[in-house]
Amino acid sequence: MLRISRWKLWSTIGVILLGLLLAFPSSMDEDGRKAFMASVPGWVPHWIIPQRAIVLGLDLQGGSQVLLEVDQKDLISGRSGMVAQLRDDVRRTLSEEKIGIEGGIRTLPLGVQIRLLQQADQARILPKLRALVQPIGGALSGGGPNMVVTVTPENAIQIVYTPEGVNERVRRTVDKAIEVVRRRIDSDGTKEPSIQRQGNDRILVQVPGLGDPQKLMDLLGTTAKLEFRFLARPTDADVDMLPYKEGNGAPTAVERQVIVSGDDLTDASIGFSQNTGEPEVNFKLNARGAQRFGQATSQNVGRQLAIVLDNQVISAPRINSAITGGSGVITGQYTSESANTFAIQLRSGALPAKLSIAESRTVGPGLGKDSIEAGKLAVIVATIFVVVFMFATYGVFGLFANIALIVHVGLILGMMSVLQATMTLPGIAGIVLTIGTAVDSNVLIYERIREEFHEGRSLVSSIEAGFQRAFATIIDANSTMAIAALILFGLGSGPVRGFAVVFLLGILTTVITAVTLTRMMIAVWYSWARPKTIPF
């Protein structure tokens, strides 16, 4: 018979009320939410009051968008690029095997070349070099080799990156860069940035609510690779010639050996000099970095310590005594904003390669407001047409479907608030679409009830059969739509994924509202009115 158990009745009502309560903050702007929270009595715990609102995307509230591109030339042949790392690895391998070479290690566009002093050493060094270029995971890692080792007719040994190796390195660099970019933006306090891969070597960064794209570009435009070295002495041979910021950019000799790198930093923050009051950056090292830094400074009192940022000497203070506390200060011609940006960059870690700005644009809040108003109008118009059609076609049953439809939209907004999913203009289109699909489930049920009643069943039996027999069809239809939405979510990006998220949530709430809630209302109506025929 048409009965609803008490636990199912109250659990359904509880889920619906909770969903609508979670959607409540999204009905107010930020000032309204603050005023509401301020009006809550002090004896009410604030943690039980929903405060999360739906996050609006770039197209709805405006903001900044930057398309970053990995500088492949710097990644391959820069000072710290792939070729430089390969050269250092080959040099270390030759040193370990005590094998001499003629004329040093020659740099090629995509690799290095060496010529052995003793050709008899070739059989011993080749296996070591081939082991050196094997990708992590060996043959099980999939794909072709990242590098190849060949012997030229002139008996020179070449180690060269393959195109597959370059692409793999670019892919891994973008993966790491995405995490660094995310940490930098999150440290800046911006809200719900969207950071996504675009193709093989690009990263799309969207920050809703940020009206100044230059601030975003300043934050992301440098690699922030920090190193502590010593200025070279006249007798040192293994040096790098780096521009010296305080010396008007003139090249200065710096030891190639790195004492401590930015990887050993645990914290960095803005501070102000006690003597001059000028902004500076305070840093703190981990245990390993503090030990190495203390040992190096204690053994080199009187020498100048080169603070190198992105292959530029920004400062070279003289070591007057051992620095053993694991913390220090970086001074320079900083403003408060630039010092804070530098500290954020150091805390988030260095980018694995230079990122160039391929494109930047700003979406004004006016355009976002117009999009919101147009989206609201579309939802309202669609809802009115559906409500009128359902009530005119199915009478009181149509009224039940309309109530379920309003709850359906509220549950979608509530779940989006909990998940902190970003609402975009395509997401609003997804809500409009789910309104139609939710009502479509009610239409299937009602038409099935009408068929069963016209075949001679009683009203109660027709309602029961209508829900039971239409349920399988509803599940099949929603399953196919869910598969399509999952594919959109997996393969799409940006607004396409936003549309897929809203559509998936709409499919989920359809089962709660169009089936469970509608059946519950019809059961209550039948027990109260005791009708003899269907009202449509």
Side-chain angles (χ1 to χ4, degrees), residues 1-16 19 382-383 385-412 415 430-486 502-536:
M1 298 299 290
L2 194 61
R3 293 173 183 250
I4 301 291
S5 61
R6 286 184 177 273
W7 72 268
K8 186 178 293 186
L9 174 67
W10 289 111
S11 61
T12 302
I13 293 175
V15 169
I16 292 172
T383 303
F385 273 99
V386 170
V387 166
V388 171
F389 171 79
M390 290 299 292
F391 188 74
T393 305
Y394 298 106
V396 66
F397 276 34
L399 176 62
F400 298 151
N402 292 334
I403 295 174
L405 179 63
I406 296 173
V407 174
H408 165 78
V409 175
L411 290 180
I412 292 177
M415 287 193 290
I431 292 179
V432 175
L433 180 59
T434 59
I435 290 175
T437 57
V439 170
D440 182 62
S441 299
N442 288 116
V443 171
L444 287 173
I445 294 171
Y446 294 167
E447 290 300 323
R448 189 70 189 187
I449 292 174
R450 182 168 14 211
E451 290 178 6
E452 297 293 336
F453 186 76
H454 288 166
E455 289 179 1
R457 286 177 176 264
S458 65
L459 180 57
V460 174
S461 179
S462 298
I463 294 175
E464 286 283 0
F467 274 96
Q468 290 178 1
R469 297 184 180 182
F471 183 73
T473 304
I474 293 172
I475 293 298
D476 290 343
N478 283 280
S479 296
T480 55
M481 289 189 293
I483 292 172
L486 286 171
V502 174
F503 198 37
L504 283 169
L505 294 178
I507 293 171
L508 178 62
T509 57
T510 295
V511 178
I512 299 175
T513 58
V515 179
T516 306
L517 179 59
T518 304
R519 186 176 186 274
M520 186 177 69
M521 289 188 290
I522 292 176
V524 173
W525 166 80
Y526 180 83
S527 64
W528 173 75
R530 293 293 177 179
K532 300 299 181 181
T533 184
I534 58 174
F536 57 89

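Everything numeric here is computed off the predicted structure, so don't read it as measured data.
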Scanning both residues in full, the closest heavy-atom pair of Gly19 with Leu411 reads CA-CD2, 3.6 Å

Measure the acute angle between the ring planes of Trp525 and Phe397, then classify it against the limits of 30° and 60° as parallel, tilted or perpendicular. perpendicular

Asn478 to Ser441 - nearest heavy-atom pair and separation: ND2-OG, 4.1 Å

Is any side-chain N of the basic residue among Glu464 and Arg519 closer than 4.0 Å to the acidic one's carboxylate O? yes

Would you check, one step at a time, whether the test side chain to side chain contact (heavy atoms under 4.5 Å, CB included) holds for Phe391 with Phe400? CA-CA 9 Å; Phe391 188 74; Phe400 298 151; over 6 Å; no

For Phe503 versus Leu433, what's the shortest heavy-atom pair and its separation? CE1-CD2, 3.7 Å

Atom pair CD1/CD1 of Ile475 and Ile507 - distance to nearest 0.5 Å: 10.5 Å

If you draw a 6.0 Å radius around CZ in Phe453, do more than 12 non-hydrogen atoms from other residues or ligands fall strictly inside? yes

Intermediate values then yes/no, side chain to side chain contact (heavy atoms under 4.5 Å, CB included), Ile474 and Val515: CA-CA 9 Å; Ile474 293 172; Val515 179; 4.1 Å; yes

Can you find a pair of side-chain heavy atoms, one from Arg450 and one from Tyr394, that are under 4.5 Å apart? yes

Closest contact, heavy atoms only, Thr434 versus Val502: CG2-O, 4.2 Å

Taking all atoms of both residues into account, what is the closest heavy-atom pair of Gly506 and His408, and its distance? O-CE1, 3.2 Å

Side-chain donor/acceptor of Thr516 to backbone N/O of Thr513, under 3.5 Å: no

With a 3.5 Å cut-off and no angle check, do the side chains of Thr518 and Asn442 form a donor-acceptor pair? yes

Rounded to the nearest 0.5 Å, the CG atom of Leu508 sits from the CD1 atom of Ile412 at a distance of 9.5 Å

So, the side chain of Ser527 versus the backbone of Val524: is there a donor-acceptor pair under 3.5 Å, distance only? yes

Could you check Ile463 against Leu459 for side chain to side chain contact (heavy atoms under 4.5 Å, CB included), going step by step and ending with a plain yes or no? CA-CA 6 Å; Ile463 294 175; Leu459 180 57; 4.0 Å; yes

Using 0.5 Å steps for rounding, measure from the CD1 atom of Ile449 to the CG atom of Leu444. 11.0 Å

Check the pair Leu405 / Ile435 against side chain to side chain contact (heavy atoms under 4.5 Å, CB included), numbers first and verdict last. CA-CA 7 Å; Leu405 179 63; Ile435 290 175; 3.6 Å; yes

Is a side-chain donor or acceptor of Thr393 paired with a backbone partner of Met390 at a separation under 3.5 angstrom? no

Any chance you could measure Gln468, atom CD, to Glu452, atom CD, to the nearest 0.5 Å? 10.0 Å

Scanning both residues in full, the closest heavy-atom pair of Pro531 with Tyr526 reads CD-CD1, 3.6 Å

